[in-house]
Amino acid sequence: MYNVNYSEYEEDLCNIEVRSLFNMELKDKIFYSKVKIDPSISPFIKNRFKIIYKTLNFEDLLIFVENDKTLKEDFIVKYLKLLSGDPYAANRNSFCKKVASKFRMDPNYRSPKIMYAITFYKGFWYFGELTKNNYKWRNHNNRPYTYSNSLKINMAKVLINIAGKGDLSKTIVDPLCGAGTVLLEGCFAGYDISGYDIGEKISNSAKENVKFFSYKAKVTNKAIQDVNAHYDVSIVDLPYGLRSQITPEGQRVIIENAKRISDRIIVVSSKDISLMIENENLKIVDKCKFIKSVKRDFARYVWVCEHDA
């Protein structure tokens, strides 16, 4: 069981991430999947709850826990509140103490190695292992170098998840890496990721940002046309704004070279360039339009592309 949370303007971004990681359409903020994903790689997933027992009443749940000889030591029991109208959340401490009392050892409140949880959802009680989003990735906001047109962390994390689909064996490249926002999220998630940028100053900024967090991503001062290595996926955030003016032909050349160096391409643009992508013999397998802020004054388009046979 997973639960997600997102701002209204980020709903489409959360949806495309869920489709990429879980191969399913998001219909509710609480959903079930057999896919095991670390919540901390996502800006939207709050918890992963591995269900061990599901019962109609709390007393049966206590019996199951009491008879379970596989439960681990150094534990703590938490109550997972999923809905605002949860009738049992107000007395959650009492329920947790009753469950913990059925273990063969005392809970470790200071430094537990495992977090068990109970919750009530749609008429059933659940007991299982809880993994929370640690939100340590928010420290990336303290990176030494950033620019006004840098991607926001939430979007960078989603782009990594769209690219890798949770498969850490995939190699990822950001051939227009800028100050390295995407690189940081790729490293945090555990991917083998590399970055290139044609600007020497900005590529040096990316190197310093990567170094600041002791990550291992390789950053090279090189234009995408000069990249000869091959990767599973490329993430291409096309330049925009007054300081990064680029012609349609320049965009086309970037997409053409991204296709040359990778099997899949994630294209991000401030304008709808679907026709240009299709003209490069790329098949669009997924897409979304992301409204960047609550003011709804700026949009970015995201396309997931594969080579069209």
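When reading the values below, keep in mind they use all heavy atoms of this one structure, side chains included, and skip hydrogens, waters and symmetry mates.
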If we count only N and O atoms by modelled type, under 3.5 Å, do the side chains of [X] and [Y] hold a donor and an acceptor together?
X	Y	value
Glu200	Asn221	no
Thr171	Asp232	yes
Asn281	Asp308	no
Asn154	Glu10	yes
Arg260	Asn257	yes
Tyr215	Asn209	no
Tyr126	Thr55	no

If you take all heavy atoms of [X] and [Y], which pair is closest and at what distance?
X	Y	answer
Pro248	Met276	O-CE, 3.5 Å
Glu185	Ala156	CG-CB, 3.8 Å
Asp12	Lys289	OD2-O, 3.5 Å
Thr146	Ser150	OG1-OG, 3.7 Å
Tyr147	Ser205	OH-OG, 3.0 Å
Pro175	Ile261	CB-CD1, 4.4 Å

Report task. With salt bridge (charged side-chain N to carboxylate O under 4.0 Å, His left out) as the test, would you mind laying out the steps for Glu208 and Lys211 before giving the verdict? Result -> CA-CA 5 Å; Glu208 290 301 315; Lys211 182 180 178 181; 5.0 Å; no
Interatomic distance, [X] atom [atom1] to [Y] atom [atom2] [nearest 0.5 angstrom]:
X	Y	atom1	atom2	value
Trp303	Ser269	CH2	OG	5.0 Å
Ser203	Lys201	OG	NZ	11.5 Å
Met115	Leu80	CE	CG	10.5 Å
Arg300	Met155	CZ	CE	6.0 Å
Glu11	Cys288	CD	SG	11.5 Å
Ile193	Cys177	CD1	SG	9.0 Å

What I'd like to find out is whether the side chain of [X] reaches to under 4.5 Å of the side chain of [Y], using heavy atoms alone.
X	Y	answer
Val302	Val158	no
Ile162	Ile16	yes
Val267	Ile277	yes
Glu66	Leu71	no
Lys50	Thr131	no
Leu26	Phe31	yes
Asn133	Lys46	no
Thr220	Ser194	no

Query - Derivation and outcome, side chain to side chain contact (heavy atoms under 4.5 Å, CB included), residues Cys305 and Ile266 - result: CA-CA 6 Å; Cys305 310; Ile266 315 301; over 6 Å; no
Query raised in the report: With Ser234, which of Leu176, Ile265, Ile254 fulfils side chain to side chain contact (heavy atoms under 4.5 Å, CB included)?
Result: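 One option only clears the test, and that one is Ile265.
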Are more than 12 heavy atoms from other residues, nucleotides or ligands located less than 6.0 Å from atom [atom1] of [X]?
X	atom1	answer
Asn23	CG	no
Tyr121	OH	yes
Ile76	CD1	yes
Lys98	NZ	no
Arg104	CZ	yes
Glu256	CD	yes

**Report entry** Side-chain ion pair, Glu25 and Arg19, N-O less than 4.0 Å
**Finding:**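 Looking at Glu25 and Arg19, the cut-off is met.
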Query raised in the report: Between Glu306 and Lys283, is the closest basic N to carboxylate O distance under 4.0 Å?
Result: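 Result for this pair is no, no salt bridge flagged.
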Mind checking whether [X] and [Y] sit in one hydrophobic cluster, side chains of I, L, V, M, F, W, Y counted as touching below 4.5 Å?
X	Y	value
Ile284	Leu275	no
Val233	Val285	yes
Val77	Phe124	no
Val99	Ile114	yes
Ile153	Phe44	yes

Query raised in the report: Would you call the rings of Phe120 and Tyr88 parallel, tilted or perpendicular, where under 30° means parallel and over 60° means perpendicular?
Result: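 Taking Tyr88 first and then Phe120, their aromatic rings stand perpendicular (interplane angle over 60°).
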Report task. Start with the C-alpha distance between Phe127 and Phe64, add both sets of side-chain angles, then the distance that settles ring pair (Phe, Tyr, Trp, His ring centres under 6.0 Å), and finish with yes or no. Result -> CA-CA 9 Å; Phe127 171 84; Phe64 278 118; 10.0 Å; no
Close aromatic pair by centroid cut-off 6.0 Å: [X] and [Y]:
X	Y	answer
Phe22	Tyr2	yes
Trp137	Phe213	no
Phe212	His140	no
Tyr53	Trp125	no

For the side chain of [X] and the backbone of [Y], is there at least one donor-acceptor N/O pair under 3.5 Å apart?
X	Y	value
Asp197	Gly178	yes
Arg48	Lys132	no
Arg264	Ala163	yes
Asp60	Leu56	no

Report task. Let me see the working for Asn134 and Ser40 under side chain to side chain donor-acceptor pair (under 3.5 Å), right down to the final yes or no. Result -> CA-CA 6 Å; Asn134 61 32; Ser40 298; 3.3 Å; yes
Query raised in the report: Do Lys222 and Tyr196 meet the cation-pi criteria used here (NZ or CZ under 6.0 Å from the six-membered ring centre, within 45° of the axis)?
Result: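 No, Lys222 does not sit over the ring of Tyr196.
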Query raised in the report: Do we get Arg92 above Phe95's six-membered ring, with its NZ or CZ under 6.0 Å from the centre and within 45° of the axis?
Result: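 That pair does not qualify as a cation-pi contact.
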Report task. For the pair Ile160 and Tyr191, evaluate side chain to side chain contact (heavy atoms under 4.5 Å, CB included) and give the outcome as yes or no after the intermediate values. Result -> CA-CA 9 Å; Ile160 287 295; Tyr191 285 99; 3.7 Å; yes
